[in-house]
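We name chains A, B, ... by the order of the sequence lines, and we start the count at 1 in each one.
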Number of protein chains: 2
Amino acid sequence: MRILMVDDHPLLREGIAAVIAAQDDMSIVAEASSGPEAIDMFRKCRPDITLMDLQMPGMNGEEAIRNIVSEFPKARIIVLTNYSGDAQVIRAMKMGASAYLLKNMLRADLLDTIRKVHEGKHYLPSEVAGIIAAHMMDDALSGREMDVLRLVAQGCSNKEVGNRMHISEETAKSHVSSILSKLGARDRTQAVVIAARRGIIDILNGAP
Amino acid sequence: MRILMVDDHPLLREGIAAVIAAQDDMSIVAEASSGPEAIDMFRKCRPDITLMDLQMPGMNGEEAIRNIVSEFPKARIIVLTNYSGDAQVIRAMKMGASAYLLKNMLRADLLDTIRKVHEGKHYLPSEVAGIIAAHMMDDALSGREMDVLRLVAQGCSNKEVGNRMHISEETAKSHVSSILSKLGARDRTQAVVIAARRGIIDILNGAP
DNA sequence: TCAGCATACCCCCGATCGGGGGATATGGAG
DNA sequence: CTCCATATCCCCCGATCGGGGGTATGCTGA
């Protein structure tokens, strides 16, 4: 199996490379440390499996996945990341990922997953599956609600949200209300915290 | 140099181990994946250098550092973590860390830092130093303000903050006001986001 | 000793929030 | 074609927020 590894942490790449190198049916054929680089390398190498982190500077991993999958629908991509927010997992799988692993997993789990995915299977470890299951029944935020949420996280009042989105303050308020109800939050502050925990928005950087 | 490595990511440990193993003046003498385990291993092995992640399940790295340094004041600890919030860096250094590295650094940087720290030096990469410098003039939140901030992040109103802390709503309000002014936030929501970005609180889990 | 700070409390007041009740239009799914 | 989610706008109203003022305690470090 020819593997492309995409991650901006050289030390982690080293670790994965060591694990892969010890297998006689796998080899790392390319590495990338950013989204655009990942797309380039995929075009050049056509790997059987791609290991992809989601948190990277610049273009994030999700966009890279979407690009690769739209160009190469048969690409097998395994997401390997630190965070386990259900929304982030769902977005990645919708983009076309075949598996979603957390970085705190063991070597064996990584190797097992690579082999499963190579056989064409999809895979979610129970830890991740459980997180998704816990929010199966929740209905997702709509596009407008996401926009409002991001502005609220920047400290915008309802009036400012209205101005920036060119809608009335009343409309912004009603969006905020449904955000609170969908997320089960008591106020806008808790809504932002819950959304960050669940991977709905990324407050550490900026956009989703 | 005898090195103890503390991190809950086996794959990253593998990577660091590979890098260290290639050096003829260093070796990994022990590994730990949690705070208590780190303290145990330190007592048993008395390493020259300890590489420590801050984000770990259970006891966090900061507490482990404090425990180790109070028992072994000559311990040389290098923090190796993902996040770069200025408050987190400052807390770690106050706890007694000798250096603060980000996980996206190169092998060479890690090795350089290990050697510098082994000589008794302290070290902050310019990337990290810059983040601290940007907030040098800010005055830190007081203990009570931290308590209030954590409750606010949980969606508490001023009244609820007052009840939970056994102070009046008015006092809670005045704490919130100074939090807003110290963080430069427009409202409590933005205050929580800024505090999370700067590593003042950790909204992804719970406590600071 | 005394200034400075953190802590705690109080009042006022306009702005904002969040819940409640609506209404209308659009567009896609069944 | 009907149903439903989305999106937009409107009004009311009590609760909450955040800024402004002020007072008092106790600890600490210069």
Classify [X] by what it touches in the nucleic acid, base, sugar-phosphate, or nothing, heavy-atom distance under 4.0 Å.
{"X": "A:Asn158", "value": "sugar-phosphate"}
{"X": "A:Ser142", "value": "sugar-phosphate"}
{"X": "A:Lys173", "value": "base"}
{"X": "A:Thr171", "value": "base"}
{"X": "B:Ser178", "value": "nothing"}

Taking atom [atom2] of [N] as reference, at what distance in whole Å does atom [atom1] of [X] sit?
{"X": "A:Met165", "N": "D:dA7", "atom1": "CE", "atom2": "P", "result": "8 Å"}
{"X": "B:Ile167", "N": "C:dC10", "atom1": "CD1", "atom2": "P", "result": "11 Å"}
{"X": "A:Lys182", "N": "C:dG19", "atom1": "NZ", "atom2": "P", "result": "15 Å"}
{"X": "B:Gln190", "N": "C:dC17", "atom1": "CD", "atom2": "P", "result": "13 Å"}
{"X": "B:Glu170", "N": "D:dG20", "atom1": "CD", "atom2": "P", "result": "16 Å"}
{"X": "A:Lys159", "N": "C:dT16", "atom1": "NZ", "atom2": "P", "result": "4 Å"}
{"X": "B:Glu169", "N": "C:dC12", "atom1": "CD", "atom2": "P", "result": "14 Å"}

| said: Do A:Ile203 and A:Val192 have side chains that approach each other closer than 4.5 Å (heavy atoms only, starting at C-beta)? | reply: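 The answer is yes; the side chains approach within 4.5 Å.
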| message | Looking at A:Lys103 and A:Asp7, is there a salt bridge between them, counting it only when a charged N and a carboxylate O are closer than 4.0 Å? | response |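 A salt bridge links A:Asp7 with A:Lys103.
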| Can you check whether B:Ile49's main-chain N or O pairs, donor with acceptor, with B:Arg2's side chain at less than 3.5 Å? |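 Pair absent, no side-chain N/O of B:Arg2 close to backbone of B:Ile49.
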| From A:Leu12 CG over to B:Asn104 CG, what is the distance, rounded to the nearest 0.5 angstrom? |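 These two atoms lie 11.5 Å from each other.
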| Between D:dT8 and A:His175, is there an OP1 or OP2 to side-chain N/O distance shorter than 4.0 Å? |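 So the side chain of A:His175 is within the cut-off, an N or O lying under 4.0 Å from OP1 or OP2 of D:dT8.
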| query | Of A:Val176 and B:Asp139, whose nearest nucleotide on DNA chain C comes first from the 5' end? | reply |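 Result: B:Asp139.
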